[in-house]
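Encoded as structure tokens, the structure appears first; notes follow it.
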2 protein chains.
Amino acid sequence: MLQSCQNGGMATARTRRSPRRTDALSRERIVEAAVELLDTAGEGGLTFRALTERLATGPGAIYWHVANKDELLDAATDAVVAAALAAECLEPPKPTKRADPTKPTKPAESPDSPQDKIRAIAFGLFDAIEDHPWLPTQLALQLSRSPWGSVTPRIFESVGRQVRALGVPEGHWFTAASALVHYILGAAGQNAANNASARTLAPGVDRAQFLDAASKAWQELDPDDYPFIHAVAAQMREHDDREQFLAGIDVVLTGITALHLPGERGRT
Amino acid sequence: MLQSCQNGGMATARTRRSPRRTDALSRERIVEAAVELLDTAGEGGLTFRALTERLATGPGAIYWHVANKDELLDAATDAVVAAALAAECLEPPKPTKRADPTKPTKPAESPDSPQDKIRAIAFGLFDAIEDHPWLPTQLALQLSRSPWGSVTPRIFESVGRQVRALGVPEGHWFTAASALVHYILGAAGQNAANNASARTLAPGVDRAQFLDAASKAWQELDPDDYPFIHAVAAQMREHDDREQFLAGIDVVLTGITALHLPGERGRT
DNA sequence: TCCAGCTTTGGAACGCCGCTCCATGATGGA
DNA sequence: TCCATCATGGAGCGGCGTTCCAAAGCTGGA
């Protein structure tokens with residue numbers, strides 16, 4: 001039934017307004033669709049036109065639930081980050097399939113020490129970024145746009161609790177948590193960029209080949225202008241992402257414990 | 001003389017092409033204009049239309065020198081970062097007006113130690129970001145887009161040389177430099193975001209008032225969900241940017257020396 | 001001196017985007 | 001039953017990055 005054409009004389013032969021949707025639109029459903037679009041079509045794939053098509057609606061309906069595109073991107077970012085942090089907070093016991101605990105952790109650490117929890121949080125974000133290559137860009141944009149938005153407190157809170165649990169005196173909480181958060185987001189983001197670029201530039205090429213090419217590019221820089229880059233190019237090719245990421249976290253953690261826990265000189 | 005209308009039947013009465021410019025266009029002049037536009041009109045102010053007006057030309061002329069907008073943004077970012085790093089490398093002796101050396105540096109450090117040079121590099125980027133609020137966003141975008149581009153090697157090289165000078169064994173160069181670079185870019189970027197937001201949201205309001213408001217917003221978060229945020233809100237209001245930034249760098253530096261320089265346990 | 005061929009310029013136009021506006025359809029209280 | 005309100009979807013606007021191309025200078029060989 002194509003509906004009764006009650007207004008015959010209208011100038012615009014409005015193709016009869018499509019019947020109203022039965023399944024209600026909601027901010028949640030919109031954000032969900034946005035995340036899927038970002039995942040499948042990339043950062044540039046999230047378009048209000050693509051969104052209207054996927055949700056079988058018009059722009060107006062979407063704008064009724066969401067103020068603008070920035071807010072939509074923020075909401076999508078927040079949703080993914082919240083899920084990542086929640087997942088890591090709830091399942092610390094079981095050794096996940098991704099975190100490879102081959103590397104011997106420091107000996108004097110209890111299994112659920114704050115250090116371990118911080119590593120779990122970091123890897124949670126690391127994995128989320130790997131699953132959603134658009135995440136680091138949006139995180140950076142959101143940190144620049146509104147540092148007090150919803151995402152920043154979320155991450156700071158998760159990391160900060162463990163900083164407190166470490167025994168860091170209150171006066172240094174902000175410094176310690178900042179150092180951790182900035183390192184985690186920066187390193188995870190750059191790593192994801194490597195993966196994403198490998199995928200984008202040559203779909204068939206795997207990570208190793210890509211890193212090989214990038215390493216070679218670095219080695220071809222003028223050794224006079226870039227002696228250090230030249231030297232670390234080899235390391236870059238061989239490095240293991242997660243191991244390297246963990247090593248960086250340990251650097252920051254060691255710095256925190258050494259500087260802010262005068263009682264426990266040295267490591268851990 | 002309105003031109004010899006050789007093609008009489010042409011539909012377009014081309015209003016006589018404007019005479020050719022005397023001052024040659026060049027990639028450098030375009031990048032320079034782009035930086036100025038970004039500085040004065042903000043991130044959204046850099047438009048090919050605005051650029052054509054400022055350079056009194058058409059899009060085609062610009063596209064002759066620059067492939068696309070991304071390349072232009074990368075070039076602008078690279079130019080600013082190169083200037084910042086060059087400035088810091090050339091003038092380490094004189095205590096700059098900005099870096100306030102009231103805080104007593106660690107005693108056992110020579111005046112031009114690698115640590116000091118790293119701090120100088122960091123503050124160079126910190127200042128550049130303060131002068132160009134669009135920089136952190138572009139840095140993040142460029143790190144995500146092409147980590148092996150021109151900017152990343154530049155920063156890595158500057159920091160990496162000092163890491164090497166610290167005596168870090170070669171196997172840990174990449175880890176140590178990464179930790180430093182990620183912290184520096186992340187913290188400087190977030191700090192700039194605070195300043196920029198303070199300016200944007202209320203032009204008359206100064207930084208202190210803004211941080212006051214942001215701190216209050218954090219304090220109003222549910223203490224049950226965000227106990228840590230709630231607790232550090234006060235610190236956020238009182239903190240001094242550069243001091244905090246320096247403290248974070250020292251955390252990472254301490255971690256590097258403690259973990260990777262077994263000979264020199266403890267600090268510096 | 002002239003002209004062919006190259007580089008460089010500026011402007012018109014294209015397709016897509018975020019976003020606004022508004023007529024319409026549903027809904028629930030009076 | 002009627003109406004105020006919520007919610008929807010489509011048409012369209014202004015602006016963006018980008019492309020295309022005719023024209024204008026330049027350069028060197030005849």
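Computed over heavy atoms, backbone and side chain alike; hydrogens, waters and symmetry mates excluded. Lettering of chains follows the sequences in order, A, B, ..., and the numbering in each one begins at 1.
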### Message
Parallel, tilted or perpendicular, judged at 30° and 60°: which one describes the rings of His239(A) and Phe174(B)?
### Response
tilted
### Query
Going by heavy atoms closer than 4.0 Å, what residues in residues 59-75 of chain B are next to DNA chain C?
Pro59(B), Gly60(B), Ala61(B), Trp64(B), His65(B)
### Query
Want to settle it: does Thr47(A) or Ser26(B) sit nearer the 5' end of DNA chain C, counting the closest nucleotide to each?
Ser26(B)
### Task
Would you please name every residue forming a side chain to side chain contact (heavy atoms under 4.5 Å, CB included) with Ala193(A), sequence neighbours left out?
Pro147(B)
### Summary
The reported gap from CH2 in Trp218(B) to CG in Leu211(B) (rounded to nearest 0.5 angstrom) is 10.5 Å
### Task
Sorted by first residue and then second, give each salt bridge (Lys or Arg N to Asp or Glu O under 4.0 Å) pair with at least one member in residues 177-195 of chain B; sequence neighbours left out.
none
### Task
Would you classify Leu46(A) as touching base, sugar-phosphate or nothing, given that sugar-phosphate means primed atoms plus P, OP1 and OP2, and contacts are heavy atoms under 4.0 Å?
sugar-phosphate
## Note on the structure
Residue set satisfying side-chain hydrogen bond (donor to acceptor under 3.5 Å, both in side chains) with Gln190(B), at least two apart, ordered chain then number -> none
### Message
Is a donor from one side chain sitting under 3.5 angstrom from an acceptor on the other, for Thr137(A) and Glu43(A)?
### Response
yes
### Minimum heavy-atom distance between Pro153(B) and Leu221(A), given as atom pair plus value
CB-CD1, 4.1 Å
### Task
Using whole Å, report how far CG of Leu55(A) lies from C1' of dG9(D).
12 Å
### Task
Take the protein atom CG of Leu25(A) and the nucleotide atom C1' of dA26(C), then report the distance between them rounded to whole Å.
15 Å
### Task
Would you classify Phe48(A) as touching base, sugar-phosphate or nothing, given that sugar-phosphate means primed atoms plus P, OP1 and OP2, and contacts are heavy atoms under 4.0 Å?
sugar-phosphate
#### Entry: Pairwise salt bridge (Lys or Arg N to Asp or Glu O under 4.0 Å) hits with a residue in residues 59-75 of chain A, at least two apart
Arg27(A)-Glu71(A), Asp70(A)-Arg145(A), Asp74(A)-Arg145(A)
### Query
What residues in residues 31-42 of chain A put a non-hydrogen atom under 4.0 Å from any atom of DNA chain D?
none
### Query
Is the shortest side-chain N/O distance from Thr57(A) to OP1 or OP2 of dT8(D) below 4.0 Å?
no
### Query
For the pair made of CD in Glu43(A) and P in dG18(C), what is the distance, rounded to whole Å?
14 Å
### Task
Ignoring hydrogens and angles, answer whether the base of dG17(D) and the side-chain atoms of Arg49(B) contain a donor-acceptor pair closer than 3.5 Å.
yes
### Query
Hey, is the main chain of Arg49(A) close enough, under 3.5 Å, to the side chain of Thr52(A) for a donor-acceptor pair?
yes
